[in-house]
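One structure is given here, and the rest of the page talks about it.
Just so it is clear: chains get the letters A, B, ... in the order the sequence lines come, proteins before strands, and each one is counted from 1.
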Amino acid sequence: MTVSPSIPTFPGRILEVTLPAGPGGSPVVVGGQNALPLLPEGDHPHAPAVGMEIRTGPEELPPALAEVIGPFSGNPAALAQKCVSGWGARFLFLSLSGCNPDAGGQGVQDGAAIVREVLAATATPVIVGGCGDEDVDGRLFPAVAEAATRPVFLSYAEEKNYRLVAGAALAYGHGVVSWSPIDINIAKQINLLLADLGFPGERVLIDPLTGGLGYGLEYTYSIVERVRLAGLSGDAMLARPILCHLGDAWKAREASDASEPGWGDSALRGRRWEEATGLACLAAGADLLVCRHPENVKRLSEAAWR
Amino acid sequence: MALTALDIYKLLPKTNCKECGFPTCLAFAMRMAAGKATVDLCPHASGEAKATLGAAASPPLPKVLIGAGEREVVLGDETVLFRHEKTFCHPSAVAISVRDDLPDADFAARIEAIRGLAFERVGQRISVDLVALRCVSGDAGKYARRAGAAFEATGLPLVLLAPAGPLAAAADAVGASRPLLSPPPEDLEAGARLAAARKLPLRVRARGMGGLAPALATAREAGAASLVADPAPECAREAVADATTLRRLAILARNRDLAYPSAFDLGNGFPDPFLAAALLIAKYGSLLVMDTADPADLLPLLTLRQNLFTDPQRPIQVEPGIYPIGAPGESSPVLITTNFSLTYFTVRGDVEAARTPALLLISDCDGMSVLTAWAAGKFTGESIARQLAECGIADRVAHRTLILPGMVARLSGRIEELSKWRVLVGPQESSALPSYLRRLTAAAFAPSRG
Ligand code: B12
Ligand code: SF4
């Protein structure tokens, strides 16, 4: 007996985006699909890619992370090498968190120097994240754009700063991550604004803001699904690869609290908290995941099928 | 596909006799299209109209009930493919397995561990839903006794994974608790006859859609009415594809032969069960059987389920009002926050940890977090001043000092302008409240003279 299931077909296709690598490294290519994720239908030329975050600021790591990345704290270049050659990260998300005045207060030039070091230490594609302080980021992104010795992506361009970030990226041949606070209309708007500036769509990723498991994940899940459906249905401004940053998962009490015996081993639980967040993002349609636990590079890549 | 008002109208007598309680046949058709009326109100509808409209009104994915009473589990009965289209209604049920051949003490310990898999999150209890009893012994008497013991100890409905003989024995023992019969494929017919005779739900397991179609037909022919489809995938990837196909057949094609709630056995050596379970919670798994009873696995999975099955139109929220913590008196601190459950329970927990009796004011912010509510204009100097004036807090305390969330420090001036209250800006994260409250001196809450 044959059963013919209803397979929806879509008029649109997600734009293919390449995160360039240095000499000898492998670029990451995502996008290009015309179907929903994880399903054996339509074209999926590229599997989602899993990368790792490197933070430059001092921070108290949850137990699950302290064990594995703790030894690299204060040494972004060494961590970068380990992420790539030891743990299989396909790209790096370098958060210049140390440039935030509340967290260490490295100067803008220190941040730019770290970017250069990391780029020298590995040939893997790199996305450089700001520090979250509007003022500092306004100086940091141009400095990073200039300092980077090869093309990277700058994260993030939002309504307030997109001219500056996109301008710096254009001048030096970088890409940008367009950011919006879990809102499909703002996501579209910022992509329109970038397009109006003449920024090439093939160098834009969408970051819809990822709420962690138990702390807003459901909002992200539905926004990612809606952005993807809109893109596949023909909305060119949303037909872009989606990046989900799983960092918020580690802010959950459940990801680190060791005082509740009924919750099971906190090291495994923390890892699972990030993993479940990432799996939900993949199911919704994410093309790039940024995780922090090395084991989750492997775990999430298992589900990142085409 | 759902019928339009016009499709429905064409099936009605078009005499406008008003006996249905609506002025015209068309008005009645419009109500039906909106899902607000059913065809039986029209005494003149033809048999064909009744059949067509009756079928269209029944849920596209049938509802299957397992268990009875408080712990009853509902599978299926979903109406959309994406939660943003409306909402997902019936959370993926999670069954934790136990083998019937374990020594008594191990069996009891395992059952106890399953019973412990219940957690409180944002005021809701999230827990595993069923116990799946795997027949390994092959001994019908033993299997039936273990079924009785598992049900008695947990009160959870059972999934009976057993060949025909032990299955029948267990159905004798615990049939009244409405377990899900889950025979292996080779015992499908016997299992289906048992399900028919005892009016119990049946899980039909066969490989892929090609296997399920005839197997489900066999079960129906044997008289089993309440069915769950297990496509027996070999890996997570196949499972997601199968679950999606079943759900699409129900919602997009209104298929009645295959479109049943789905079940997956992620134990017994299934590769990477955690990964498969997380993906199936997102993508259409109705029932998941798992071998792990580790809370470090289950708390994240149950939280994911809680997240994805909340109504996107309505965040989980609490009633606005005054919430006493401990036994507050007239000089106890007054704190304010929003009525988003996540915010409320986080702040409440942190105030409790401070061991200082306090009064917590909960603002009506449509269930939004502090910053979200502020950004949406629902948590403002005006709204807070109004609440302070109207909620009766002035009669509960002698002082006029309000502790504001640190994230909205900018509201303090406006509140002080519009009310008689003085504002103290609290920490940004409520986790800092215990030390913050301890540092505050009693003078902060001395009776006011204004
Ligand atoms: C999930 C989310 C949403 C959800 C809503 C969730 C909900 N029910 O509230 C959705 C998607 C609907 C949403 C919408 C919007 N959002 Co929003 N959202 C978030 C997100 C990701 C998480 C919020 C959350 O759940 N936090 C968890 C709760 C527990 O936090 P909380 O309530 O603040 O409580 C903490 C503290 O405030 C403190 N605390 C709380 N009460 C008290 C009381 C006292 C006395 C003290 C001392 C402390 C204290 O302790 C708590 C624990 O730490 C945040 C970003 C982030 N990661 O925080 C953005 C965020 C809050 N959103 C933001 C924005 C801008 C918006 C929108 C305006 C965007 C838009 N135009 O659509 C809308 C506004 C709503 C609208 N118009 O409909 C901004 C706010 C910007 C700002 N700095 O003010 C944020 C910060 C994102 C950002 N970085 O831009 N959002
Ligand atoms: S009872 Fe039937 S025939 Fe009469 S008005 Fe209503 S729908 Fe029309």
Exercise for the section: Flag the one option from Gly270(A), Gly264(A), Gly214(A) with the top tally of heavy-atom pairs under 4.5 Å to chain B. Expected result: Gly214(A)
Handout entry: Part of Leu229(A) within contact of chain B (heavy atom distance under 4.5 Å)
Key = side chain
Practice task
Under 4.5 Å, counting heavy-atom pairs only, tell me which of Leu304(B), Leu279(B), Asp257(B) racks up the most with chain A.
Solution key: Leu279(B)
Problem - Among the listed options Ala296(B), Ser431(B), Pro312(B), the residue most often paired with chain A at heavy-atom distances under 4.5 Å - result: Ala296(B)
Problem - Residue Leu279(A) versus chain B: region with a heavy atom under 4.5 Å - result: both
Practice task
Give a yes/no verdict on a cation-pi contact between Arg228(A) and Phe82(B), requiring under 6.0 Å between NZ or CZ and the six-membered ring centre and an angle within 45° of the axis.
Solution key: no
Exercise for the section: Say whether Asn296(A) and Glu274(A), considering side chains only, have a donor N or O and an acceptor N or O under 3.5 Å apart. Expected result: yes
Practice task
Examine whether an atom of Leu36(A) lies under 4.5 Å from a heavy atom of chain B, and if so say whether it belongs to the side chain, the backbone or both; otherwise answer neither.
Solution key: side chain
Practice task
Determine yes or no for a side-chain-to-main-chain donor-acceptor pair under 3.5 angstrom, with Glu221(B) supplying the side chain and Ala219(B) the backbone.
Solution key: no
Exercise for the section: Give the ring-plane orientation class for His293(A) versus Trp250(A), where under 30° counts as parallel, over 60° as perpendicular and anything between as tilted. Expected result: parallel
Problem - Pairs of heavy atoms under 4.5 Å with chain A: top-ranked of Leu275(B), Leu212(B), Val240(B) - result: Leu275(B)
Problem - Glu260(A) atom CD, neighbour heavy-atom count above 12 within 6.0 Å - result: yes
Completion exercise
When the 4.5 angstrom heavy-atom criterion is applied to Arg253(A) and chain B, the contacting part is neither
Handout entry: Flag if over 12 foreign heavy atoms under 6.0 Å of CZ, Arg410(B)
Key = yes
Problem - Derivation of the side-chain contact (heavy atoms from CB on, under 4.5 Å) call for Phe340(B) and Ile316(B) - result: CA-CA 7 Å; Phe340(B) 184 31; Ile316(B) 310 179; 5.7 Å; no
Problem - Heavy-atom pair count under 4.5 Å with chain A, highest-scoring of Thr244(B), Asp297(B), Thr310(B) - result: Asp297(B)
Fill in the blank from the handout: Interface check, chain B: of Gly262(A), Pro40(A), Ala280(A), most non-hydrogen pairs under 4.5 Å belong to Gly262(A)
Practice task
Check each atom of Arg237(B) against the heavy atoms of chain A and say whether the ones under 4.5 Å are side chain, backbone, both or neither.
Solution key: both
Exercise for the section: Go through the side-chain N and O atoms of Glu159(A) and Gln189(A) and say whether any donor and acceptor fall under 3.5 Å apart. Expected result: no
Exercise for the section: Using a cut-off of under 4.5 Å on heavy-atom pairs, state which of Arg271(A), Glu254(A), Glu302(A) scores highest against chain B. Expected result: Glu254(A)
Practice task
Report, as yes or no, whether the 6.0 Å neighbourhood of atom CD on Gln313(B) holds more than 12 heavy atoms from other residues, nucleotides or ligands.
Solution key: yes
Exercise for the section: Flag the one option from Tyr219(A), Tyr215(A), Trp305(A) with the top tally of heavy-atom pairs under 4.5 Å to chain B. Expected result: Trp305(A)
Exercise for the section: Sort Asp272(B) into side chain, backbone, both or neither according to what part of it lies under 4.5 angstrom from a heavy atom of chain A. Expected result: side chain
